[in-house]
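Numbers restart at 1 for each chain; the letters A, B, ... are given by sequence-line order, proteins then strands. Given the structure is predicted, the values throughout are model-derived calculations rather than measurements. No hydrogens, no waters, no symmetry mates; every other heavy atom, side chains included, goes into these values.
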Amino acid sequence: MAKNLVIVESPAKAKTIESFLGKDYMVKSSFGHIRDLDKNKLSVDIQHDFTPQYEIPREKKKVIEELLAAARKAEIIWLASDEDREGEAIAWHLYEVLGLEESHTRRIVFHEITKKAIQQAIENPRFIDFNLVDAQQARRVLDRLVGYELSPLLWKKVKPALSAGRVQSVAVRLIVEREFEIRNFNPTDYFRVTGLFQLPNKDEKAQLTAELDQRLPTKEATLEFLNHIIGSTYTVINVEKKPGKRSPAAPFTTSTLQQEAARKLGFSVARTMMIAQQLYESGLITYMRTDSVNLSDLALAMAQDEIIKLYGKEYSNTRQYTTRTKGAQEAHEAIRPTSMERHQAGENEAQRKLYELIWKRTMASQMSDALLEKTTITIAISKTNHYHFISRGEVVIFDGFLKVYSESVDEETDEMNAEILPPVSTGDELKEKSITAVQKFTPPPYRYTEASLVKKLEELGIGRPSTYAPIISTIQKREYVEKKDHAGIEKTAHILTLKNGKIKEETKVEKWGAEKGKLTPTDIGILVTQFLMNNFENIMDYQFTARVEKEFDEIAEGKLKWNKMIQRFYWPFHETVVKTQQTQEKVKGERLLGVDPVSGKNVYAKIGRFGAMVQLGESKDPTGQKPRFASLRKNQSIETITLEEALSLFKLPRSVGMYMEKEIIASTGRFGPYLLYNSVFYSLPKDEDPLVIDQEKAIQIIEEKNRKEAAKIIKTFPERPDVVIQNGRYGPYIKIGSENIPIPKKVAPESLDLQQCLELQKKYLESKANPSEMKETPAQKKKSKSKGKK
DNA sequence: CAGTGAGCGAGCTTCCGCTTGACTT
């Protein structure tokens, strides 16, 4: 039996480490945190020093039992959770829950999974750092207090089931504020003048493009300028060559991987993390949730070998990058391939692409700078001294890291793409082919993408690598923000061209401010943000996290008691919660849209218990008449809906026609537009509008769904029409009334008879009633009591 | 899965940060 038990956080890590340590060591995993505050209540004892009340969640009991069994047999327990605040807390919770003794317990840390690092760690054990544990408790308790006091306030003042928190509320604020910047943005226009010149003594194709060194403010000024320079000669007065260089980007962290995978591969943040996890579990890459750009010595050596082998010595430049991210805890290496010799890996296209990206980025980070020659050509205009044409070019002298990888940018810049310039010398006379002035409109700020939001959050030190993807998902699930296309505005741009001494004028219609799939706030998101900004400016402050992080650091250094810090924060905060509760009115976001010409009643748009809605008539009509209500459609918002659109919403539900002597009704419900026929709901596809859909199309949709439903059916029983065997998303199952019973894999679904189906149902219900022999959790006890069992 | 929205009241919703399977229809 192994004398040593090592406990790490991740099972994949456990496997790797076990292979380094030999037979005296057994390595097990805690699967992250093993205890947490009960999520059904505050679980912080406000009156007694904010003592947290931890509980082991049901799904963690099995892990604990296994660890307990292993710990009993081991002489020394090595707590090897990550070297950061959360990891220290995990070590402490393990120590407590497993009932370990100090003399038999060692705390070890490493921030890379290499044999050398593990051995070094084993040789240099310490004990649990209780200050660091306290810093984590402070973090945990603060987040719980903020989240569980603000959320209920929102339920009362805005809408049920909303949420607020230190991280998510600030993420939404970023998106809301960007939206207002865009709304308030006034574009200015200007004219960009570009000259196309013919080189002397060369053939037709030898041309040079150059841009005027100033932008012209108006069409009038541009016309005046062009008229003024008619008949000018153009002379090269300076050719300047300067060496330049470009350096590779640091190896990937979680955040930069998410950004690059979005830009280069079009992956969502969640998809990137899922695929990275698969690569990690296959042992192809190092851990994917990291804020460090550090590479182990082993990785540096591997990269160097590979670069020299593939490209030669001059391409190798071993370097270590330093993390500049605020609050980085650097418990792991950067994300890199586990072996640099593996140029390609992965089981499917997505894995292969992501792996390739990681491999290239890691390689490039250890390669030489690219050397450039930057050329600037200045061209004088004979009829004016105030303006010059400038042409900039760039030649790669030595490609260095560019051989494998170059980082993408979020937004195209307005500058001309630098390219190779034709050879010209000072004094050369250029022949004008055309001078073109194009009207440009300054673009509004860009809305956030998932990845650019992660980047911003990381800059502000808000959120952690393990939470970036969940944050994005939470704020969308709460319907604070949504991914949305924006059509933009059509703008007419003037184009003035000077050619052969004549000025020609044209116009071109272009889209301005159009964006696709960008994070856009909803009505609820805007109202909640405004509500929180008005009452909890402190928590909504972009610096709030940075400020509390500083205090967490003081706790970790032993300079501050954690409950003292929480106390200082909590009481003023709580007072504000109580005051807001008493004084603030319910947020309705009400907007009067106009008067219904038919009834003469007011039409409002506002927030209701089920989201945005329109209302016809007064809530408190003196005549006692009740208003009518209708939900807004997915693409509508309180801020932009018109009276006409609102009135059309009241036309639902409407009768579309008849089918087989039964009526078809079209309407919109909580899950979007639908048809109701024969008391069955049929969701309408995106491009169908319940207001305009006709009988023919409706019948088509009904028949289509009926056909699909029928195709799913494997077997029916005439004597029991409520029992059906059908194919589902997760394989065949038995449907009995509204209950779904999975069919075991070894059983052929078509061979089942009614008797067997009912037996399977019985077995399934029994196994559901007693999931395992494990002890009941408090939550389960409550449930079984209320059902009156036992 | 659904047609709410008044008003009452019970019971519910909720945080952030570690980590993967068990589970779903």
TODO: Kindly give the heavy-atom pair with the smallest separation between A:Leu79 and A:Arg107, and that separation in Å.
DONE: O-NH1, 3.2 Å
Would you tabulate the pairs of protein nitrogen or oxygen atoms and nucleotide nitrogen or oxygen atoms of nucleotides 7-9 of chain B closer than 3.5 angstrom?
none

Task: Residues in side chain to side chain donor-acceptor pair (under 3.5 Å) contact with A:Arg478, at least two apart in sequence or another chain - done: A:Ser163
Open item on the list: Once you apply a heavy-atom cut-off of 4.0 Å, does A:Arg140 come out as touching a base, just sugar-phosphate, or nothing?
Closed with: base
- [ ] Remember a base hit wins even if backbone is also touched, and classify A:Val146 as base, sugar-phosphate or nothing at under 4.0 Å, heavy atoms.
- [x] nothing
- [ ] Examine B:dG17: is either OP1 or OP2 under 4.0 Å from a nitrogen or oxygen in the side chain of A:Gln136? Give yes or no.
- [x] no
TODO: Write down the distance between OH (A:Tyr677) and P (B:dA2), rounded to a whole number of angstrom.
DONE: 21 Å
- [ ] Take atom CG of A:Leu37 and atom P of B:dG17, then tell me their distance rounded to the nearest Å.
- [x] 14 Å
TODO: Select base, sugar-phosphate, or nothing to describe what A:Ala89 touches, counting heavy atoms under 4.0 Å on all strands.
DONE: nothing
Open item on the list: From CZ of A:Phe552 over to P of B:dG17, roughly how many Å is that when rounded to an integer?
Closed with: 10 Å
Task: Separation of the C1' atoms in B:dA22 and B:dC1, to the nearest angstrom - done: 23 Å
Open item on the list: Distance check needed: B:dA6 P versus A:Lys586 NZ, whole Å only.
Closed with: 7 Å
Open item on the list: Does a side-chain N or O of A:Gln615 approach OP1 or OP2 of B:dG5 to a distance below 4.0 Å, or not?
Closed with: no
Task: Pairing of A:Lys601 and A:Asp596 as salt bridge, 4.0 angstrom limit - done: no
Task: Nucleotide nearest A:Pro160 (side chain, heavy atoms from C-beta), chosen from B:dC18, B:dT14, B:dT13 - done: B:dT13
Task: Parallel, tilted or perpendicular: ring planes of A:Tyr682 versus A:Tyr677, cut at 30 and 60 degrees - done: tilted
TODO: Pick base, sugar-phosphate or nothing for A:Gly463, based on heavy-atom distances below 4.0 Å to the nucleic acid.
DONE: sugar-phosphate
Task: Which nucleotides of DNA chain B pair, in dot-bracket form (Watson-Crick or G-U under 3.5 Å, | meaning another strand) - done: .........................
Open item on the list: Against the six-membered ring of A:Phe544, is A:Arg166 placed for a cation-pi contact (under 6.0 Å from the centre, within 45° of the normal)?
Closed with: no
Open item on the list: Does B:dC15 have OP1 or OP2 under 4.0 Å away from a side-chain N or O of A:Ser151?
Closed with: no
- [ ] For A:Tyr287, enumerate each residue passing the side chain to side chain donor-acceptor pair (under 3.5 Å) test, keeping only those at least two apart in sequence or located in another chain.
- [x] A:Arg289
Task: Note: A:Asp36-A:Lys60 ion pair, threshold 4.0 Å (strictly below) - done: no
TODO: Let me know the distance between CD1 of A:Ile566 and P of B:dC16, rounded to the nearest Å.
DONE: 15 Å
Open item on the list: In this structure, how many angstroms lie between the C1' atom of B:dT14 and the CG atom of A:Leu153, rounded?
Closed with: 12 Å
Open item on the list: Check the phosphate of B:dC15 against A:Arg478, side-chain N and O only, distance under 4.0 Å to OP1 or OP2. Yes or no?
Closed with: yes
Open item on the list: Are B:dC15 and A:Tyr148 stacked, with the base six-membered ring and the side-chain ring centres under 5.5 Å apart and planes under 30°?
Closed with: no
Open item on the list: Between the side chains of A:Glu549 and A:Arg85, is the shortest nitrogen-to-carboxylate-oxygen separation below 4.0 Å, so that they form an ion pair?
Closed with: yes
TODO: Considering non-hydrogen atoms only, spot the tightest contact between A:Val133 and A:Glu88 and give its length.
DONE: CG2-O, 3.6 Å
Provide a list of protein-nucleic acid N or O atom pairs under 3.5 angstrom, restricted to nucleotides 19-22 of chain B.
residue	atom	partner	partner atom	Å
B:dT19	OP1	A:Tyr287	OH	2.1
B:dT19	OP2	A:Tyr287	OH	2.8
B:dT19	OP2	A:Arg289	NE	2.8
B:dT19	O5'	A:Tyr287	OH	3.0
B:dT19	O4'	A:Gly32	N	3.4
B:dT20	OP1	A:Ser10	OG	2.6
B:dT20	OP2	A:Gln277	NE2	3.0
B:dT20	OP2	A:Arg289	NH2	2.9

TODO: Ignoring backbone atoms, establish whether A:Arg464 has a side-chain N or O less than 4.0 Å from OP1 or OP2 of B:dC18.
DONE: yes
- [ ] Record whether the side chain of A:Arg139 comes under 3.5 Å of the base of B:dC16 through a donor-acceptor pair of N or O atoms.
- [x] yes
- [ ] Apply side chain to side chain donor-acceptor pair (under 3.5 Å) to the pair A:Asp291 and A:Gln329, showing each step before the final yes or no.
- [x] CA-CA 7 Å; A:Asp291 50 20; A:Gln329 308 200 3; over 6 Å; no
Open item on the list: Show every salt bridge (charged side-chain N to carboxylate O under 4.0 Å, His left out) that has at least one partner inside residues 151-165 of chain A, sequence neighbours left out.
Closed with: none
TODO: Determine the interatomic distance between P on B:dA2 and the same-named atom on B:dT25; round to the nearest Å.
DONE: 15 Å
Open item on the list: Please tell me if A:Thr467 has a side-chain N or O lying less than 4.0 Å from either OP1 or OP2 of B:dC16.
Closed with: no
- [ ] May I ask you to say what A:Ile665 touches in the nucleic acid, namely base, sugar-phosphate or nothing, with a heavy-atom cut-off under 4.0 Å?
- [x] base
- [ ] Quickly work out the A:Lys477 NZ to B:dT13 C1' distance and round it to whole Å.
- [x] 12 Å
Task: Full working for side-chain contact (heavy atoms from CB on, under 4.5 Å) between A:Thr286 and A:Ile113 - done: CA-CA 8 Å; A:Thr286 56; A:Ile113 312 298; over 6 Å; no
Task: Which atom of A:Leu691 lies closest to which atom of A:Lys651, heavy atoms considered - done: CD2-CB, 3.9 Å
Task: A:Trp155 over B:dT13, stacked by centroid distance under 5.5 Å, angle under 30° - done: yes
TODO: Just call it for A:Ser631: base, sugar-phosphate, or nothing, with non-hydrogen atoms closer than 4.0 Å on any strand.
DONE: base
Open item on the list: Within the 4.0 Å heavy-atom criterion, would you say A:Arg144 contacts the bases, only the backbone, or no part of the nucleic acid?
Closed with: base
TODO: Whole angstrom is fine here: how far is it from CG in A:Leu162 over to P in B:dC15?
DONE: 10 Å
- [ ] Output, in order, the C-alpha distance, side-chain angles, deciding distance and verdict of side-chain contact (heavy atoms from CB on, under 4.5 Å) for A:Asp38 and A:Gln53.
- [x] CA-CA 7 Å; A:Asp38 182 348; A:Gln53 290 141 21; over 6 Å; no
